[in-house]
Amino acid sequence: EIRVTTNTSGWGGYAVDVDVAESDGVVRVSGRVNGALHWMFGGPTVDFRVVVPNDFTVDARIDGGDLLVEDLVGAVSANVEGTQLTLRRSEGDAKLNSEGGAIRVEDLDGSLRIESDGGDVLVTGVHGRIDLDSGNGRSKIASVTGRVAVATDHGAIELTRIRGDIQLRSTRGRIGIDDVEGEVYAETDRGRIEVSGLDGPIQARSERGGIDIQFVSPPAGSIETSRGSIRIEAPGLYGFDLDADTDRGEIELDRHFAFETPAADTQVAARPFPKEQIQELERLGQEVAAEVQTRAAAQWKEVQRDWENWRESGDLAWDPDPSVERWTQPWPWDHHDWDWHERDLGQPYREWARDVADKHAEHFSRVRKKRGNQMRGQVNGGGALLRLRTERGSIRIDQ
């Protein structure tokens with residue numbers, strides 16, 4: 001059976017006419033407001049609640065009201081204007097259209113097609129293909145098993161936990177992707193592209209914006225931007241062929257990668273520092289650390305000696321009748337610009353030594369650099385091709 005419940009309120013509620021009719025297995029529920037002056041004071045408010053069998057097909061069209069469809073097995077087609085559309089816990093293909101309102105989809109087993117002129121789109125828990133065409137508004141999609149295709153004019157695109165291929169196109173807006181298994185194609189005219197937890201190849205392009213990619217599998221693909229830097233993070237145990245090119249900027253490759261340069265590109269490719277030079281830098285660093293520890297110990301002994309002399313000359317804690325002169329006497333560590341207790345023995349020197357070591361480690365962690373031109377060769381023995389291009393920006397590849 002099909003049950004229809006309506007609730008009317010407000011001015012003109014008496015003029016609401018609801019009609020339910022059945023023909024050839026199709027049940028049609030419609031409502032309209034009749035009579036004169038029903039539109040005064042905003043007109044009536046009408047709530048429809050339609051209960052249908054679990055396995056059913058729904059085609060809903062509403063002007064000026066929110067729509068909620070849930071717990072269905074069957075195809076769903078819905079169209080609203082300027083209001084919110086929500087679809088929950090359904091099995092079957094769905095086609096949703098909203099002109100100026102938000103769309104929310106939760107737990108759908110089937111393909112999903114969404115057209116939105118304006119308003120945010122939130123999709124989570126879909127097992128099937130998703131096609132989204134949005135005008136303005138943020139698009140957020142999570143926990144999907146299937147192909148995802150999104151096109152938007154103005155608005156950010158955020159994807160999380162996708163198991164399938166991805167195709168994204170944004171005219172103006174940031175693209176963010178996290179935890180994906182599959183091939184990725186992402187393009188934006190103005191906006192950053194940020195991808196983390198990528199297991200698969202990628203084609204990414206931005207006219208004005210930087211690109212950050214984090215691979216969890218062998219890196220592969222083509223990444224290009226006109227104005228912006230490119231940063232790649234890849235596991236050190238995988239190999240790939242590198243073809244990097246920048247007109248204005250540096251190319252930096254983490255020294256922990258094993259890099260081999262083709263003979264034909266020796267004049268333009270960056271070269272690693274000789275092993276002997278790196279060992280010499282490490283030796284100098286050890287000498288600096290030893291000298292710091294020696295100086296810290298010597299100065300601390302001098303402070304201890306001054307402290308003993310000062311305490312023997314009279315400390316306020318043991319003086320029953322402290323004088324003003326005693327209060328104004330400098331503490332021994334004031335002579336050394338120190339203001340810490342004995343338990344912090346050498347702490348500032350240790351922190352300083354650590355900062356120096358960190359800065360040197362950062363400086364020498366990427367020993368292969370090239371200003372402009374190209375860096376071509378095999379990383380960790382080679383593999384799939386990773387192509388990087390930027391006109392105004394740097395290229396950096398880290399582990």
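A continuous path of Ile, Leu, Val, Met, Phe, Trp and Tyr side chains, each step under 4.5 Å between heavy atoms, connects Phe48 with Val52, placing both in one hydrophobic cluster. Tyr238 and Phe257 fall into different hydrophobic clusters, where Ile, Leu, Val, Met, Phe, Trp and Tyr residues are linked whenever their side-chain heavy atoms come under 4.5 Å apart, directly or through other members. Cluster annotation: Val20 is connected to Ile62 through the hydrophobic network of ILVMFWY side chains, with a link wherever side-chain heavy atoms come within less than 4.5 Å. Residues Leu87 and Val73 do not share a hydrophobic cluster, clusters being chains of Ile/Leu/Val/Met/Phe/Trp/Tyr side chains in contact below 4.5 Å. A single hydrophobic cluster is seen to contain both Val58 and Val27, as judged by linkage of ILVMFWY side chains at heavy-atom distances under 4.5 Å, directly or through other members.
The structure places CD of Glu233 at 11.5 Å from CD1 of Ile213, a figure rounded to the nearest 0.5 Å. Of the inter-residue distances, the one linking Ser77 atom OG with Leu96 atom CG reads 8.0 Å to the nearest 0.5 angstrom. Atoms CG and NZ, on Asp131 and Lys95 in that order, are 11.0 Å from each other to the nearest 0.5 Å. In this structure, the separation between CD1 on Ile395 and CE on Met375 is 9.0 Å, given to the nearest 0.5 Å. Note that CD1 of Ile162 and CG of Asp199 are 14.0 Å apart. Values are rounded to the nearest 0.5 Å. The distance from atom OG of Ser206 to atom CD1 of Ile223, rounded to the nearest 0.5 Å, is 12.0 Å.
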Next item on the list: Any chance you could lay out the side-chain contact (heavy atoms from CB on, under 4.5 Å) test for Ile397 and Leu388, step after step, and finish with the verdict?
Entry: CA-CA 10 Å; Ile397 305 174; Leu388 310 176; 3.9 Å; yes

Note to self: Evaluate Ser139 against Leu132 for side-chain contact (heavy atoms from CB on, under 4.5 Å), listing each step before the verdict.
What the structure shows: CA-CA 9 Å; Ser139 302; Leu132 169 60; 3.5 Å; yes

Margin query: Apply salt bridge (Lys or Arg N to Asp or Glu O under 4.0 Å) to residues Glu391 and Arg227 and explain how you reach the verdict.
Written below: CA-CA 6 Å; Glu391 295 181 6; Arg227 296 184 179 181; over 6 Å; no

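Applying the under-4.5 Å side-chain rule to Ile, Leu, Val, Met, Phe, Trp and Tyr, the cluster around Val216 consists of that residue alone.
Closest of all the heavy-atom pairs between Leu108 and Gly92 is CD1-O, 3.4 Å. Here the closest non-hydrogen pair linking Arg169 and Thr188 is NH1-CA, 4.1 Å. Considering all non-hydrogen atoms of both residues, Arg376 and Phe259 come closest at O-CZ, 3.5 Å. Closest heavy-atom contact between Asp66 and Gln84: OD1-N, 3.0 Å. Closest approach of Gly155 and Ser170 over heavy atoms only: O-OG, 3.6 Å. Residues Ser229 and Gly393 share a closest heavy-atom pair of OG-CA, 3.8 Å.
Considering only heavy atoms from C-beta on, Asp178 stays 4.5 Å or farther from Val180 through its side chain. Residues Val123 and Val121 are in side-chain contact: their nearest non-hydrogen atoms beyond the backbone lie under 4.5 Å apart. Side chains of Tyr185 and Leu168 form no contact here, defined as non-hydrogen atoms less than 4.5 Å apart. Proximity of Ile2 to Phe56: side-chain heavy atoms (C-beta onward) are separated by under 4.5 Å at one or more points. Counting only heavy atoms from C-beta outward, the side chains of Leu122 and Ile103 never approach each other to under 4.5 Å. Taking the side chain as every heavy atom from C-beta outward, Asn79 and Leu85 never approach each other to under 4.5 Å. Proximity of Ile130 to Val144: side-chain heavy atoms (C-beta onward) are separated by under 4.5 Å at one or more points. The closest side-chain heavy-atom distance from Gln214 to Arg231 is not below 4.5 Å.
When each of Arg163, Arg161, Arg147 is checked for a salt bridge (Lys or Arg N to Asp or Glu O under 4.0 Å) with Glu181, only Arg163 meets the rule. With Ile141 as the fixed residue, the side-chain contact (heavy atoms from CB on, under 4.5 Å) test singles out one of Val148, Val105, Val126, Leu112: Val148.
Using modelled atom types, one side-chain atom of Ser98 and one backbone atom of Gly101 make a donor-acceptor pair closer than 3.5 Å. A donor-acceptor pair is defined here as one N or O able to donate and one able to accept, closer than 3.5 Å; such a pair exists between the side chain of Asp93 and the backbone of Ser111.
Judged as a side-chain contact (heavy atoms from CB on, under 4.5 Å), and not counting sequence neighbours, the contacts of Arg205 are Glu187, Glu207, Glu224. Remark: Asp19 pairs with Ala21, Ser30 by the side-chain contact (heavy atoms from CB on, under 4.5 Å) rule, at least two apart or across chains. Every residue two or more places apart in sequence or in another chain that forms a salt bridge (Lys or Arg N to Asp or Glu O under 4.0 Å) with Arg89 is listed here: Glu70, Asp71.
Identified under the side chain to side chain donor-acceptor pair (under 3.5 Å) test for residues 46-62, with sequence neighbours left out: none. Applying the side chain to side chain donor-acceptor pair (under 3.5 Å) test to every pair with at least one member in residues 377-390, sequence neighbours left out, gives these pairs: Ser222-Arg387, Asp243-Arg389.
Using a cut-off of 4.0 Å between Lys/Arg side-chain N and Asp/Glu carboxylate O, Asp212 and Arg192 are scored as salt-bridged. Under a 4.0 Å N-O distance rule, the pair Arg392/Asp247 does not qualify as a salt bridge.
By the 6.0 Å contact criterion, CZ on Arg104 is open, its count of non-hydrogen atoms from other residues, nucleotides or ligands being 12 or less.
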